[in-house]
There are 2 protein chains.
Amino acid sequence: MSTKNKILDAAEILFADKGFNGTSLREITSLGEVNLAAVNYHFGSKKELIKAVMSRYMNELSPRLESALSALCHHDVQPSLKDVFSAFIEPLLHLNEFKENGTSTFLQLLGRGYTDSQGFLRWFLTTQYPGVFTHFTEAVHKAYPELSAEEMFWRLHFTMGTIVFTMSSSDALIDIAQNDFDRQVDIAGVIKQVIPYVAAGVAAPINR
Amino acid sequence: MSTKNKILDAAEILFADKGFNGTSLREITSLGEVNLAAVNYHFGSKKELIKAVMSRYMNELSPRLESALSALCHHDVQPSLKDVFSAFIEPLLHLNEFKENGTSTFLQLLGRGYTDSQGFLRWFLTTQYPGVFTHFTEAVHKAYPELSAEEMFWRLHFTMGTIVFTMSSSDALIDIAQNDFDRQVDIAGVIKQVIPYVAAGVAAPINR
DNA sequence: CGCTATTTTAAACAACTGTTTGAATTTGGT
DNA sequence: ACCAAATTCAAACAGTTGTTTAAAATAGCG
């Protein structure tokens, strides 16, 4: 295992758990059992390390996600909104093959990125991976053409919020659910719960 | 203006903008134009200051919110889910009377509190203001009795996520919306957009 | 081997963190 | 006006932060 990967592996765990601001380089290097200076040697700075952690997941996720969404767009029949959101399931759960607890870790990181560090990560993702966003809005438009661009803008951001926020606190929520309802829940179970919710939200009647 | 309030006013602005971890006491005291040591003198610690900032809003919000929700519960006719969520509008917008940009600031703080500092603020709110949560779930149960406790648990947390996440990045979203759609938007406009969304999400058909 | 380039290491850096101290100042009551 | 309590203040505290340095170790290759 290379030093670079040791750092990435340790960093993503701590970032997901305590946020980017809340994690120090010393915590990362001691969990990864590498020297402190290795971070700056291999990545240049903490900010670049954050980008590298996210890129490792995005490079795995985005091709699968884009092809799943564009398949919906170029199909003859009109997809339902549930189809559109279900297109996320396979690419997201595939991150579990890529890495242990990959799905949950990635979604937690995404949640952190939206609130930590004044949104520089949002800028990074939208500029570096614009294809995901355009394919997604295209697919939603095909499923629900009556929705104006402005209404879609809001509802898609509401959806981002629901997903990202839920996942960034998914560990705590899963704990509570298991105590209160005595039911085994995992990240896939949460995803299956959230899809009807966001699909219905986006499909809400237009209020003019 | 008392020193205590100068600190609270400066702190809430910076906390909302940069998060609790991301804001130092020195930034707060220099924005508030008070001495650094005043924070520890008046509040004891940074953690207590965070609680005080949140309490000032919660004490203003929670009685109005609880009475609006319990009014729904004790009314004879069954409320719709839209009624339940609309019950939030007046108490939330009232925070703008209480303080300039109060609504948006409070909701941003709430968003910060859920992700920053490993959820200690969530613990604080649920233990210090349990009435809001119980009244809310009661009202939703009256509007949608078929929803099991577990499904309601998830959907209410999805809703929290939608609201809190949207509001914590509402400044950025409002900026984008005004550029892209050339339309004046404010926090009340966002609230009116989000209510049909969350109401439809909670009302989604049960998927068994 | 011998040499170069890459990588690792311990140590130090300056800047910043929340908190404490003790003296100076202001305030409110008599 | 006096005294005591409450408040403000500059300074320092000890600890942590990201980053840099220069020497030591390792690796790769002819």
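Chain naming here is simple, since letters A, B, ... match the order of the sequence lines and numbering starts at 1 in each.
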Problem - Side-chain N or O of A:S24 closer than 4.0 Å to phosphate OP1/OP2 of D:dT16 - result: no
Check: residues 41-49 of chain A side-chain donor-acceptor pairs under 3.5 Å, at least two apart:
| from | atom 1 | to | atom 2 | distance (Å) |
| --- | --- | --- | --- | --- |
| A:S45 | OG | A:E48 | N | 3.3 |
| A:K46 | NZ | A:F20 | O | 3.0 |
| A:K46 | NZ | A:T23 | O | 2.7 |

Exercise for the section: Please list residues of residues 6-13 of chain A whose heavy atoms come under 4.0 Å from any atom in DNA chain D, ordered by number; otherwise none. Expected result: none
Exercise for the section: Check side-chain hydrogen bond (donor to acceptor under 3.5 Å, both in side chains) between B:R64 and all other residues, then give those that pass, not counting sequence neighbours. Expected result: B:E90, B:H94
Completion exercise
Contact span of DNA chain C against chain A, any nucleotide atom under 4.0 Å from a heavy atom, 5' to 3', runs C:dT6 to C:dA12
Exercise for the section: Round to a whole Å and report the spacing from NZ of A:K18 to C1' of D:dT16. Expected result: 13 Å
Problem - Selection residues 174-191 of chain A - residue pairs positive for side-chain hydrogen bond (donor to acceptor under 3.5 Å, both in side chains), sequence neighbours left out - result: A:R183-B:E150
Pull out every protein N or O sitting under 3.5 Å from an N or O of nucleotides 13-15 of chain D, one pair per line with the distance.
none

Completion exercise
Those residues at least two apart in sequence (or on a different chain) that pass side-chain hydrogen bond (donor to acceptor under 3.5 Å, both in side chains) with A:N101 are none
Completion exercise
The side chain to side chain contact (heavy atoms under 4.5 Å, CB included) partners of A:N5 (sequence neighbours excluded) come to A:M1, A:S2, A:L8, A:R56
Exercise for the section: Report the residues that fulfil ring-ring contact (aromatic ring centres under 6.0 Å, His included) with A:F133, sequence neighbours left out, ordered by chain and then residue number. Expected result: none
Exercise for the section: Ignoring hydrogens and angles, state whether a donor on the side chain of B:Q108 or B:S104 is under 3.5 Å from an acceptor on the partner side chain. Expected result: yes
Problem - Contacts of B:E66 that satisfy side-chain hydrogen bond (donor to acceptor under 3.5 Å, both in side chains) - sequence neighbours left out - result: none
Handout entry: With sequence neighbours excluded, residues passing side chain to side chain contact (heavy atoms under 4.5 Å, CB included) with A:T137
Key = A:M152, A:L156
List every contact pair, protein side and nucleotides 8-11 of chain D side both N or O, where the distance is under 3.5 Å.
| from | atom 1 | to | atom 2 | distance (Å) |
| --- | --- | --- | --- | --- |
| D:dT8 | OP1 | B:T3 | OG1 | 2.3 |
| D:dT8 | OP2 | B:T3 | OG1 | 3.3 |
| D:dT8 | OP2 | B:H42 | NE2 | 2.8 |

